[in-house]
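To keep things clear, I will list the structure first and then write my remarks on it.
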Number of protein chains: 2
Amino acid sequence: MFERYGFHGVSVNQIVNECGTSKGGFYHHFASKDELLFVIHDYFISYALTKAQEAIDSNQLPTEKMQKIITSFLKVFDLYKPHISVFYQESIYLKPQYVKAIKEKRQSYKQIIFAVIKEGIQTGEFRPELPVEITGMSILGMVNWSYKWYKKDGDKSIEEIADIYVDLILNSLLTDQAKQEWRFKDYFLKNN
Amino acid sequence: MFERYGFHGVSVNQIVNECGTSKGGFYHHFASKDELLFVIHDYFISYALTKAQEAIDSNQLPTEKMQKIITSFLKVFDLYKPHISVFYQESIYLKPQYVKAIKEKRQSYKQIIFAVIKEGIQTGEFRPELPVEITGMSILGMVNWSYKWYKKDGDKSIEEIADIYVDLILNSLLTDQAKQEWRFKDYFLKNN
DNA sequence: CAGGACAGACCAACCAGTCGGTTTAAGCCT
DNA sequence: AGGCTTAAACCGACTGGTTGGTCTGTCCTG
């Protein structure tokens, strides 16, 4: 077996070749390959966190907050697909300091989602029998996974996908009573 | 910077050391590291596929089929968590022949889920306004992602998590009419 | 002419895979 | 039962090649 296929993610040599630069240039700007990966991750996670924070800081109903979070979450995949793909290929064996920093930001995002679900249950919009953590993780998983299949030139735009996800999620979360309220009707897909 | 942390997944040396065997022994049983990874993946994906196939071959309502698929899907994470973890760390740069074989099995699984959703829409159990592919991918993502956080000794058992996921998914899928039918009541969480 | 930006040869570490040799154990003959 | 044969199981030093990172030096700009 002689064939090799480029084993372990993207090497620094590949990066500098495709950028038309050099090893020296690269290490002049980044302390290590780990740092580059961290910066790439920070770029898109910061966008997601900012948008989610904006949503929960607003004076809106939990349903509306959830809609805004899901929509901006999916938007991240549209804006930063390349960043995210690099990161998911490489992320496993970063130095502990970088892993820590990344985990903290992801933890914050998770907590925002949990907080909205809790608030929605308190206001009576969301079903009280739902366990906050598992429900939150299911939402995170459902949306996060879409980076694996979403294509910019696919059948559906990111906004259309977001509308579908919001419909699916709110159908799971809202109480029967809340679903019948007029103010929420715009969040559901039209029954053709 | 001298420190190294074992960069790219698990090396063959690490594997044979921890197994108390040797390079020679390893390559006596496997043609390549790729083949080992393929065998590991095939082990758990075959279980999932078999269970899902059993579900759709049964003479049951789409709702019941979906419940069986989700439950067995989650069970895979309980049974094969180590296999799955190894695979997700390593999978990116397999030789094309292995990638092809793996993608085919994953494609089959996807098609089974799509088929159940289609059938459910045809029988009137599931909401006709839902797009089959996106809905299917959202279910796949939601369940698949749980390998990242599920712990055997966590708060909730895999069966409890499955019950919650089935509730969430069926609340998204079922029509208002179907939800009120007596025969589906057991699939929903109790309203305490 | 000073200092940041960049180039690329170079290095030690590490990787998947090889190969000649050794151990183990089962089958067979007497 | 005990020796003989044979092949599979297993070992680990070794190889060719790639990796992340370093270092010396050059270029460019103020």
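Because only heavy atoms are used, hydrogens play no part in the values below, and waters and symmetry mates are left out as well, while side chains stay in. Quick note on labels: first sequence line is chain A, next is B, and so on, each numbered from 1.
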Given atom [atom1] of [X] and atom [atom2] of [N], what is their separation to the nearest angstrom?
X	N	atom1	atom2	answer
A:L94	D:dG20	CG	P	12 Å
A:F30	C:dG4	CZ	P	18 Å
B:H28	D:dG12	NE2	C1'	16 Å
A:I15	D:dT18	CD1	P	17 Å
B:D34	C:dG17	CG	P	6 Å
B:N17	D:dC10	CG	C1'	15 Å

OP1 or OP2 of [N] under 4.0 Å from side-chain N/O of [X]:
X	N	answer
B:T21	D:dC10	no
B:H29	D:dA8	no
A:K23	C:dG8	no
A:S11	D:dT19	yes

Item to check | Side chain to side chain, A:Y47 and A:K75, heavy atoms closer than 4.5 Å | outcome: yes

Next on the checklist: Using the ring centroid of each side chain, check whether B:F26 and B:F30 are separated by less than 6.0 Å.
Outcome noted: yes

Checklist entry - Considering heavy-atom distances to DNA chain D, does A:Y27 or B:S22 have its closest nucleotide positioned more toward the 5' end? => result B:S22

Next on the checklist: Judged by each residue's nearest nucleotide on DNA chain D, which is more toward the 5′ side, A:N13 or A:G24?
Outcome noted: A:N13

Checklist outcome for this item: With A:I117 as partner, the option from A:I112, A:I139, A:L130 fulfilling side-chain contact (heavy atoms from CB on, under 4.5 Å) is A:I139

Item to check | B:D176/B:R127 ion pair, N-O < 4.0 Å | outcome: no

Next on the checklist: Side chain of A:Q14 only, heavy atoms from C-beta on: which candidate in D:dG21, D:dT19, C:dA16 is closest?
Outcome noted: D:dT19

